[in-house]
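Remember, it's a predicted structure, so these values are computed and weren't measured experimentally. Every number for a ligand or one of its atoms is a count from 1 in the order of the listing.
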Amino acid sequence: MAKITYSKQTFDCKNDESVLECLSRHGVELPSSCRAGVCQTCIVKATDGTTPPADAQTGLKPQLQKQGYFLACICKPKQDLSFVDPDDNALPQITATVASKICFNKNIIRLRLTPESEFNFLPGQFINIHRQDGLVRSYSIASLPQEGYLELHVEHIENGKMSHWLHNQVAMGGKLNIDGPHGDCFYIDDKPEQNLLLIGTGTGLAPLWGIIHDALSKNHKGEIHLFHGSRSRDKIYLLGELKKLAEQHSNFFYTACISGEDNQGFNAGRANEVALSKIPNLDGYCVYLCGHPEMVNSTKKKAFLAGASMNDIHADAFTLSNR
Ligand code: FES
């Protein structure tokens, strides 16, 4: 059993327990959001000559890795480990202003943010929003850089502190602290003939919307298939816009899916199952998966078994329960 030392306190970290879980078990809370090694919110820095396991540094920039930074939620130490909070410049934050806020429907809003300093991103990457009280949550970017704003789609989650705040308290002109961009779920324009398959659930549509518009704006030649799904029709949004896009672009195909009973007018079933039944052979495809973690993780494996190369499968999975 490894010992971990943080804030001058030392704890026994059980085998197969992450640093984040160990601290939480002892009543010490670090900032966290995804708890899956994606959002980087739980970043900390190893000290006193100790070294984090290499896989706890997955996704961090090389200069952060060299300085001993690691992600507490995916760090399961085999040796003793000391660490401290990150320096202010590890994940620098900037201010962004809420430029517009509209409702797609009663559950989902569209926020457009204008960063107050230079912010380079690719559509489909994500940012973290930091509230003053330390609450942090991740949201994917649906807009293109040339549009001059960051567009986020925010679902209101029952008991979700951040989503409730963004829906009900943050107004136009409000200031938000953000960091990022993060993630590798974006369009790569080096294979314009490659077919793309995009599968998303709920507001997992946001990054896919950005990726599709990026690909079309760069004159992507291969087929682009979007399967967007939800259990109920109130979480299907941008339906008219996506149907129109499919009319305007002969290589873009859109399928909306409902897995619940009220599915008249939609494809019945889960988006990932409908997609793989309609396109069973993914040899040569580039696959993007966004939305519910269970869907993303199970579909990753199925896409690989259906012929997609692991290098061509991109995913960002965010848990919804704590938003
Ligand atoms: S909480 Fe650790 S990376 Fe998201």
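Looking at V38 against ligand 1, only its backbone comes within 4.0 Å, counting heavy atoms. Contact annotation: for S33 versus ligand 1, heavy atoms closer than 4.0 Å belong to the backbone alone.
Between Y285 and H225, the ring planes are tilted. Angles from 30° to 60° get that label. Between Y254 and F252, the two ring planes are parallel [angle under 30°; tilted spans 30° to 60°].
Closest to atom 1 (S) of ligand 1 among all protein heavy atoms lies R35 N, 3.2 Å. Scanning the protein for heavy atoms near atom 3 (S) of ligand 1, the closest one is Q40 N, 3.2 Å.
Taking CD1 of I279 as the start and CD of E223 as the end, the distance is 7.5 Å to the nearest 0.5 Å.
Using a 3.5 Å distance cut-off with no hydrogens or angles, the side chains of S82 and T50 do not pair a donor with an acceptor. Side chain to side chain, Y237 and H153 meet the donor-acceptor criterion of an N or O pair below 3.5 Å.
Of all the atoms in ligand 1, the ones that sit under 4.0 Å from a non-hydrogen atom of C34 are 1 (S), 3 (S), 4 (Fe). Annotation for ligand 1: atoms under 4.0 Å from non-hydrogen atoms of C39 are 1 (S), 3 (S), 4 (Fe). Annotation for ligand 1: atoms under 4.0 Å from non-hydrogen atoms of G37 are 3 (S).
Around the CD atom of E261, the shell of radius 6.0 Å holds no more than 12 heavy atoms that belong to other residues, nucleotides or ligands.
Taking backbone and side-chain atoms together, C42 has an N/O/S atom less than 2.8 Å away from atom 2 (Fe) of ligand 1. Among the atoms of C73, an N, O or S atom falls under 2.8 Å of atom 2 (Fe) of ligand 1.
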